[in-house]
Amino acid sequence: MTLGNSSLKWRKNLVGVFYWREMQMDYFTRTRVKEINSGQKVDQEVIILGWARTKRVSKNVGFVEVNDGSSLHNAQIVFSPPGDFPELERIITGTSLRIVGKVVKVEGREQAYEVHADKLEIVGECLHDYPLQKKRHTFEFLREIAHLRPRTNTFGVVNRFRSKLSHCIHEYYQNRGFYYIHTPIITTSDCEGAGDLFQVTTLPLEELADQKKKLDMNEDFFGEKAYLTVSGQLEGELLCSALGDIYTFGPTFRAEQSYTTRHLSEFWMMEPEMAFCDLDEMIILIEDFLKHLISFSLENCEEEMAFFNRWIDKGRQKVLQSIIESDFAKITYTDAVKILEKANRDFEFPVGWGRDLQSEHERFLSEEYFKKPVFVTDYPRDIKAFYMRVNDDEKTVRAVDVLVPLVGEIVGGSQREERYDYLKNNMLQQGLDIEEYQWFLDIRKYGTVPHSGFGLGFERMIMYLSGMSNIRDVIPFPRFPRSAKF
RNA sequence: UCCCCGAUAGCUCAGUCGGUAGAGCAGGUGGCUGUUAACCACCGAGUCGCAGGUUCGAGUCCUGCUCGGGGAGCCA
């Protein structure tokens with residue numbers, strides 16, 4: 001294989017750790033497009049490694065816009081005269097290139113800097129059936145070519161934003177003394193109260209199906225039924241009982257048959273768990289945390305936010321700005337029901353104390369009544385999970401959901417039941433096997449402390465910040481029923 | 001799992017009353033211009049999602065299936 005004019009002579013260096021080529025791609029010495037467009041390299045000779053986005057060639061001058069993933073913006077490469085660069089003819093959108101040239105500051109053009117090319121090499125040709133055009137594609141089409149869609153403007157922006165926001169989350173918690181915990185992906189608890197699970201097995205299913213034999217789970221890999229986790233919370237509680245403040249941030253799996261714009265079968269969730277922290281204290285943290293993510297986006301992701309504001313959801317920036325300047329709304333479930341009952345509104349589903357809030361109810365509260373994020377607390381005990389702390393009224397639990405316009409529930413959390421007897425009773429009432437969860441009960445026996453935690457849906461947060469309306473478009477390779485390609 | 005909508009060129013779509021297929025973009029060729037979603041001319045490109053039915057005749061009407069989209073439930 002030939003890569004442009006560079007030969008592929010590899011040699012081992014003296015240390016024996018690195019390999020490099022003599023006529024290499026200049027990985028370490030190339031200049032990123034982002035640096036060129038920020039004016040750091042004016043009048044210097046640079047090497048650019050990237051992909052052609054568009055080409056315009058005439059008799060006296062030609063232009064190729066090159067993107068290398070470092071930013072939304074392309075470098076404009078100028079070829080003058082085009083006849084000196086025969087490789088130009090072979091360039092179409094998608095072709096990978098190595099260009100050597102000089103950075104020049106220009107006036108009165110769309111871009112402030114250009115690169116006047118001295119040398120052009122084609123690294124990899126792009127076949128003519130390349131499905132990505134210079135024009136806009138529908139997100140539906142791009143989902144079908146998820147292997148190529150990262151090369152588009154929107155998905156470039158989304159993926160860079162995802163990376164920055166992940167980093168921001170780690171930084172936020174690390175700066176506050178939280179420890180990052182890796183909770184298990186494989187679990188044997190079959191009822192964490194958060195939905196259907198994917199079973200993990202090494203049993204030869206097709207063979208067994210033919211034999212019509214009764215399954216002996218003792219022969220499976222773990223000697224019992226195992227699943228992919230639906231939450232790191234239970235293990236998180238154990239760690240928080242030792243380290244004080246911890247957080248998890250990893251993939252989470254739900255096997256529900258959900259076909260909506262805000263559900264995935266595999267998504268990323270961030271779950272902090274705080275010892276000696278009650279619900280009201282946690283709510284202060286949640287609001288500070290969410291506002292931090294918003295102001296981080298506005299201040300440190302200008303390129304991304306400007307793109308979202310222009311192409312995805314006009315006015316997004318203004319909405320976010322107004323949210324960090326005001327307080328979140330905060331009501332109890334009981335008051336929320338009263339508001340909904342008085343709303344004089346024909347809801348499809350009835351409103352009533354003891355019934356769970358439906359999507360349309362949540363939407364009404366966050367999008368119309370409060371028009372901003374709202375904490376809803378103290379839900380009826382019967383509709384919430386066994387581990388939530390029971391209030392003195394014995395009817396409600398110290399749960400909290402954060403509802404936001406556009407996305408719905410973005411955070412769900414609670415103060416945990418730290419009293420051994422209460423927790424045990426709840427578990428019995430909900431039909432859980434006490435023996436299987438003895439480890440979870442044990443921390444209530446040995447120096448129990450009030451503690452609280454919540455889960456933030458990472459993709460939903462990205463949706464909220466960006467205005468992207470389908471969760472399948474804020475994760476590189478979405479998994480949902482009947483779809484796990486790429 | 002339930003309800004609604006859709007599937008026509010590589011992409012985005014049009015296709016009237018049932019009469020055998022069109023545009024823009026992309027690609028090719030040529031031209032032109034410091035161009036910038038460049039522009040102009042010409043060219044090639046289609047088992048109209050699949051299977052069956054009604055009809056002299058189906059992209060168009062009917063049935064089933066597949067796939068895609070939206071909504072509901074479940075939740076983050």
Side-chain angles (χ1 to χ4, degrees), chain A residues 53-66 73-82 89 92-94 104 106-111 114 116 126-145 148 152-153 192-196 230-233 249 251-271 311 347-349 356-363 383-385 401-404 407-413 454-464 469-475 480-483 485:
Chain A
R53 280 294 181 81
T54 177
K55 174 182 82 168
R56 297 174 290 273
V57 179
S58 61
K59 206 190 301 181
N60 305 318
V61 64
F63 303 92
V64 175
E65 289 187 36
V66 175
H73 302 289
N74 306 322
Q76 164 131 303
I77 319 291
V78 185
F79 298 91
S80 182
E89 284 179 22
I92 65 166
T93 301
V104 177
V106 289
E107 302 290 341
R109 303 267 157 73
E110 279 184 28
Q111 62 287 330
E114 298 176 338
H116 288 198
C126 187
L127 298 185
H128 288 163
D129 59 356
Y130 188 55
L132 292 176
Q133 298 174 23
K134 293 183 240 180
K135 284 204 168 192
R136 195 188 151 79
H137 289 287
T138 60
F139 288 150
E140 290 81 6
F141 170 67
L142 292 173
R143 267 171 229 149
E144 290 167 17
I145 51 165
L148 297 173
T152 63
N153 285 340
E192 294 181 18
D196 300 329
V230 291
S231 165
Q233 181 202 319
F249 189 9
T252 309
F253 307 88
R254 304 277 166 91
E256 274 114 24
Q257 296 283 326
S258 296
Y259 293 90
T260 79
T261 51
R262 49 188 196 288
H263 288 89
L264 290 169
S265 308
E266 177 183 295
F267 63 98
W268 285 65
M269 186 155 67
M270 200 284 313
E271 298 178 285
W311 298 105
F347 289 117
E348 194 187 336
F349 292 90
D356 210 350
L357 299 180
Q358 305 291 318
S359 275
E360 55 175 346
H361 306 144
E362 296 183 346
R363 193 166 284 164
I383 58 172
K384 285 293 182 181
D401 283 356
V402 178
L403 312 177
V404 298
V407 183
E409 188 181 339
I410 203 165
V411 163
F454 67 89
L456 170 83
F458 185 54
E459 284 78 17
R460 288 189 181 175
M461 191 66 204
I462 295 173
M463 290 172 76
Y464 182 62
S469 57
N470 193 319
I471 200 166
R472 296 169 188 181
D473 298 329
V474 296
I475 187 167
F480 48 96
R482 308 198 60 78
S483 183
K485 226 180 143 184

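It should be emphasised that the depicted structure is a prediction, and the values quoted were computed from it without experimental measurement. All chains are named by letter (A, B, ...) in the order of the sequence lines, taking the proteins before the strands, and each is independently numbered beginning at 1.
Rounded to a whole angstrom, the distance from the C1' atom of B:rG57 to that of B:rC61 is 13 Å. Rounded to a whole angstrom, the distance from the P atom of B:rG27 to that of B:rG64 is 43 Å. Comparing the same atom, P, in B:rG10 and in B:rA45 gives a spacing of 12 Å after rounding to whole Å.
Contact annotation: A:Asn470 side-chain N/O to B:rG70 OP1/OP2 distance is under 4.0 Å. Phosphate proximity of B:rG24 to A:Arg136: absent, as no side-chain N or O sits under 4.0 Å from OP1 or OP2. One finds a side-chain N or O of A:Lys134 lying less than 4.0 angstrom from the OP1 or OP2 phosphate oxygen of B:rA38. Note on A:Thr54: every side-chain N or O is 4.0 Å or more away from OP1 and OP2 of B:rU36. Contact annotation: A:Thr260 side-chain N/O to B:rG73 OP1/OP2 distance is not under 4.0 Å. Between B:rU35 and A:Arg56, no contact under 4.0 Å exists linking OP1 or OP2 to a side-chain N or O.
Atom pair A:Tyr259:OH and B:rG73:P shows a separation of 17 Å (rounding to whole Å applied). The interatomic distance linking A:Arg53 (CZ) with B:rC25 (C1') rounds to 17 Å, in whole Å. Going from atom CG of A:Asp401 over to atom P of B:rA76 covers 7 Å, rounded to whole Å. In this structure, CD1 of A:Ile145 is placed 15 Å from C1' of B:rG68, rounded to the nearest angstrom. At whole-Å resolution of the value, CZ in A:Phe480 and C1' in B:rA76 are 18 Å apart. Atom P of nucleotide B:rC11 and atom CZ of A:Arg143 are separated by 16 Å, given to the nearest angstrom. For the pair A:Phe349 CZ and B:rG71 P, the computed distance is 14 Å after rounding to whole Å. Regarding A:Ile462, its CD1 atom lies at a distance of 13 Å from the C1' atom of B:rA76, rounded to whole Å.
Under the 4.5 Å side-chain criterion, counting only non-hydrogen atoms from C-beta, A:Met270 is in contact with A:Phe454. At least one side-chain heavy atom of A:Thr93 sits under 4.5 Å from a side-chain heavy atom of A:Tyr130. Residues A:Arg363 and A:Glu360 have side chains not in contact (no heavy-atom distance under 4.5 Å, counting atoms from C-beta outward). The shortest side-chain heavy-atom distance between A:Asn60 and A:Pro81 does not fall under the 4.5 Å cut-off. Side-chain contact between A:Ile475 and A:Leu264 is present, with at least one heavy-atom pair separated by less than 4.5 Å. In this structure the side chain of A:Leu132 reaches within 4.5 angstrom of the side chain of A:His137, judged on heavy atoms.
Salt-bridge annotation for A:Glu65 and A:Arg56: present, with a side-chain N of the basic residue lying under 4.0 Å from a carboxylate O of the acidic one. Using a 4.0 Å cut-off between a side-chain N of Lys or Arg and a carboxylate O of Asp or Glu, A:Lys384 and A:Asp356 do not qualify as a salt bridge.
In this structure, A:Tyr130 reaches neither bases nor backbone, as no heavy-atom distance under 4.0 Å exists between it and the strands shown. When heavy atoms are screened at a 4.0 angstrom cut-off, A:His116 is found touching base atoms of the nucleic acid. Among the heavy atoms of the strands lying under 4.0 Å from A:Glu140 are primed sugar atoms or P, OP1, OP2 only; no base atom is included. Counting any heavy atom pair closer than 4.0 Å across all strands shown, A:Gln358 reaches sugar-phosphate atoms only and no base atom. The residue A:Asn74 sits apart from the nucleic acid: no heavy atom pair falls under 4.0 Å. Counting non-hydrogen atoms under 4.0 angstrom, A:Arg109 reaches a base of the nucleic acid. In this structure, A:Arg472 reaches the sugar-phosphate backbone alone: every heavy-atom distance under 4.0 Å involves primed, P, OP1 or OP2 atoms, never a base. Heavy atoms of A:Leu132 sit nowhere under 4.0 angstrom from any nucleic acid atom. Residue contacts shown for A:Phe141 are limited to sugar-phosphate atoms, with no base heavy atom under 4.0 Å away. Within 4.0 Å of A:Val106, counting heavy atoms only, lies no atom of the nucleic acid at all. Note on A:Leu456: nothing from the nucleic acid sits closer than 4.0 angstrom, heavy atoms only. Counting non-hydrogen atoms under 4.0 angstrom, A:Thr252 reaches nothing in the nucleic acid. Contact annotation for A:Gln76: base contact, defined as any heavy-atom pair under 4.0 Å involving a base atom. Counting any heavy atom pair closer than 4.0 Å across all strands shown, A:His137 reaches sugar-phosphate atoms only and no base atom.
Residue side chain A:Phe458 fails the stacking definition with respect to B:rA76, as its ring centre and the base's six-membered ring centre are not both under 5.5 angstrom apart and under 30 degrees in plane angle.
Under 3.5 Å, the side chains of A:Asn153 and A:Arg53 contain a donor-acceptor pair of N or O atoms.
If you check B:rG73, B:rC74, B:rC11 against the side chain of A:His263, the one that comes closest is B:rC74. When distances are taken from the side chain of A:Arg254 to each of B:rG10, B:rC75, B:rG28, the shortest belongs to B:rC75. Nearest nucleotide to the side chain of A:Ser359, out of B:rG73, B:rA76, B:rU35: B:rG73.
With a cut-off of 3.5 Å on both pairing distances, the Watson-Crick or G-U wobble partner of B:rG30 is B:rC40. Using N1 to N3 plus N6-O4 or O6-N4 for Watson-Crick, or N1-O2 and O6-N3 for G-U wobble, each under 3.5 Å, B:rA72 pairs with B:rU1. Across every strand in view, B:rA7 sits in a pair with B:rU66 that passes the Watson-Crick or G-U test at under 3.5 angstrom. Taking a pair to require two hydrogen-bonding distances under 3.5 Å in either a Watson-Crick or a G-U wobble arrangement, B:rU16 remains unpaired.
Residue A:Thr261 is the one, among A:Thr261 and A:Ile410, whose nearest nucleotide of RNA chain B lies closer to the 5' end (criterion: closest heavy atom). The nearest heavy atom of RNA chain B to A:Ile383 and to A:Ser483 marks one nucleotide each, and the one closer to the 5' end goes with A:Ser483.
Residue-to-nucleotide contacts include a donor-acceptor pair under 3.5 Å from the side chain of A:Arg460 to the base of B:rC75. Looking at A:Gln133, its side chain has no donor and acceptor atom pair within 3.5 Å of the base of B:rU12. Taking 3.5 Å as the limit, the base of B:rC74 and the side chain of A:Ser258 contain a donor-acceptor pair of atoms between them.
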